[in-house]
Amino acid sequence: MSKGKRDRSTKARQIVEHQRAAERRRTVTIWTSVAVVVVLFIAGLVGWNMMADQDDGKVTTPTAAVDDGTAFAVGSGPVTVDIYEDFMCPACNSFEQASSATLKQLVDAGKVTVRYHPVAILDRFSNGTEYSTRSAAASAAAAQEGKFTEYHEVLFANQPAEGSDGLSDEKLIELGKSVGLTSDTFADAVNNGSYRSWAAQATEKFSERNFTGTPTITVNGEQLETPSPEQLTQAVEKAAG
Amino acid sequence: METLRSVRSAAAWPWISTVARLGLAAVWLIAGGLKVGDLAASARAVNAYQLMSYDAAKVVGAIQPFLEIALGLLLLIGLATRLTAAISALLMVVFIAGIVSAWARGLQIDCGCFSAGGALAEGKEAAYGLDILRDLGFLALAGILVWRPHTRFSLDGLLMGDAR
């Protein structure tokens with residue numbers, strides 16, 4: 001075999017090898033891409049199913065709850081004031097401090113029905129103890145015993161700071177005792193988290209109404225721009241006509 | 001000299017790309033992992049952008065963490081790196097657009113990038129500029145991988161049978 005011929009056959013072999021390698025790369029690229037698409041699709045399906053499953057499960061709704069089981073009403077006036085609050089939310093506490101006297105006045109004068117909606121949107125600010133959910137659930141337990149208003153007040157008066165562990169279940173029960181919630185029923189409900197699923201559902205309904213922050217206050221369905229006693233009074237007077 | 005330099009840079013790229021791949025994998029795994037435990041909160045975080053109905057936000061909020069984790073795992077093993085990087089880049093562009101739009105509308109929200117965000121805590125200012133810069137950094141990592149998808153320690157390399 002001449003040197004020239006050998007060179008040519010080596011070159012031919014190289015070309016074939018090169019083509020084979022390119023072919024292999026193409027096949028691998030196609031199949032790995034298909035695999036990636038399948039994996040991502042399955043991941044999406046898993047998320048979808050988890051979401052669908054969330055809505056299942058039994059929810060114990062306190063018998064006193066109104067407005068689709070999401071709220072506890074005070075007073076019986078013609079104008080409806082809806083107040084959505086997270087017990088962990090400092091702005092809600094400020095609103096309570098500033099407006100509770102005004103609200104009480106309006107209720108006592110028979111002008112308004114106040115519907116308190118506890119929601120739990122700030123669980124991420126209590127180091128994993130989910131204080132927002134626990135406190136909202138405890139307030140439902142208090143409502144079941146007919147003491148929502150008192151308990152609501154004492155929870156805000158003892159509000160833990162955002163980023164702390166929140167109040168322990170023990171402390172939640174103790175605060176209950178201080179407002180006359182001395183029954184085992186209340187303590188058991190707090191310890192067992194009996195109304196946690198209720199809190200999750202109430203929060204879900206809050207989101208469904210397209211509210212994103214707390215406090216959210218509506219007067220006959222009209223949302224207050226800035227929650228203050230002045231705006232509240234104005235809105236109530238306007239709604240009363 | 002010129003050829004030597006280009007040979008050297010050809011040898012360096014797979015390593016640079018490997019770092020980018022593993023870095024991006026970590027980003028996705030952390031981002032997804034932080035949201036996956038509370039899908040309701042994830043839905044609220046999406047809803048806080050006020051870009052879609054709550055029902056749509058619920059779907060996006062539930063699917064997103066799982067997609068993020070899946071992308072993270074795929075990048076970690078290095079499967080179809082160019083495609084996973086391209087999808088990562090696309091998602092980053094969507095996230096950046098979302099943050100820009102929230103910023104432009106003056107919403108005060110946590111971007112929900114590395115948490116199930118939502119409305120901000122009291123007294124916290126939204127840090128949109130930083131969020132965008134960070135996402136641009138991640139976009140750059142994805143860009144490197146789309147451009148130079150060959151990496152070390154990847155399933156792609158193993159399947160292609162090259163030691164490159």
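Computed from a predicted model, the values in this text were never measured in an experiment. Throughout, a chain's letter reflects where its sequence line sits, starting with A, and its residues are numbered from 1.
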Looking only at heavy atoms, what is the nearest atom pair of [X] and [Y], with distance?
| X | Y | answer |
| --- | --- | --- |
| A:Phe211 | B:Asn47 | O-ND2, 4.5 Å |
| B:Leu79 | A:Val36 | O-CG2, 3.6 Å |
| A:Val46 | B:Phe66 | CG1-CE2, 3.5 Å |
| A:Gly44 | B:Leu67 | N-CD2, 4.4 Å |
| A:Arg25 | B:Met160 | CA-SD, 3.6 Å |

Heavy-atom distances under 4.5 Å only: say whether B:Glu68 touches chain A with side chain, backbone, both or neither.
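Neither part.
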Is it the backbone or the side chain of B:Ile69 that comes under 4.5 Å from a heavy atom of chain A, or both, or neither?
neither
Just give me the residue among B:Leu73, B:Val36, B:Leu39 that pairs up with chain A most often, heavy atom to heavy atom, under 4.5 Å.
B:Leu39
For chain A, which of B:Thr84, B:Asp55, B:Val59 has the most heavy-atom pairs under 4.5 Å?
B:Val59
Spacing of [atom1] belonging to [X] relative to [atom2] belonging to [Y], to within rounding of 0.5 Å:
| X | Y | atom1 | atom2 | result |
| --- | --- | --- | --- | --- |
| A:Thr32 | B:Leu155 | OG1 | CG | 8.5 Å |
| A:Thr133 | B:Asp38 | OG1 | CG | 7.5 Å |
| B:Lys58 | A:Met51 | NZ | CE | 6.0 Å |
| A:Glu204 | B:Tyr54 | CD | OH | 3.5 Å |

Give the intermediate values and the outcome of side-chain contact (heavy atoms from CB on, under 4.5 Å) for residues A:Thr29 and B:Arg82.
CA-CA 9 Å; A:Thr29 305; B:Arg82 180 171 265 162; over 6 Å; no
Test item: B:Leu74 and A:Leu40 side chains (from C-beta on) under 4.5 Å apart, heavy atoms:
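B:Leu74 reaches A:Leu40 side chain to side chain.
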Should A:Thr212 and B:Arg44 be marked as a side-chain contact (heavy atoms from CB on, under 4.5 Å) after you check the CA-CA gap, both sets of side-chain angles, and the distance that decides it?
CA-CA 7 Å; A:Thr212 55; B:Arg44 286 197 295 275; over 6 Å; no
Heavy-atom contact with chain B under 4.5 Å, split by part of A:Ala120
backbone
Can you say whether A:Thr203 sits under 4.5 Å from chain B via the side chain, the backbone, both, or neither, judging by heavy atoms?
side chain
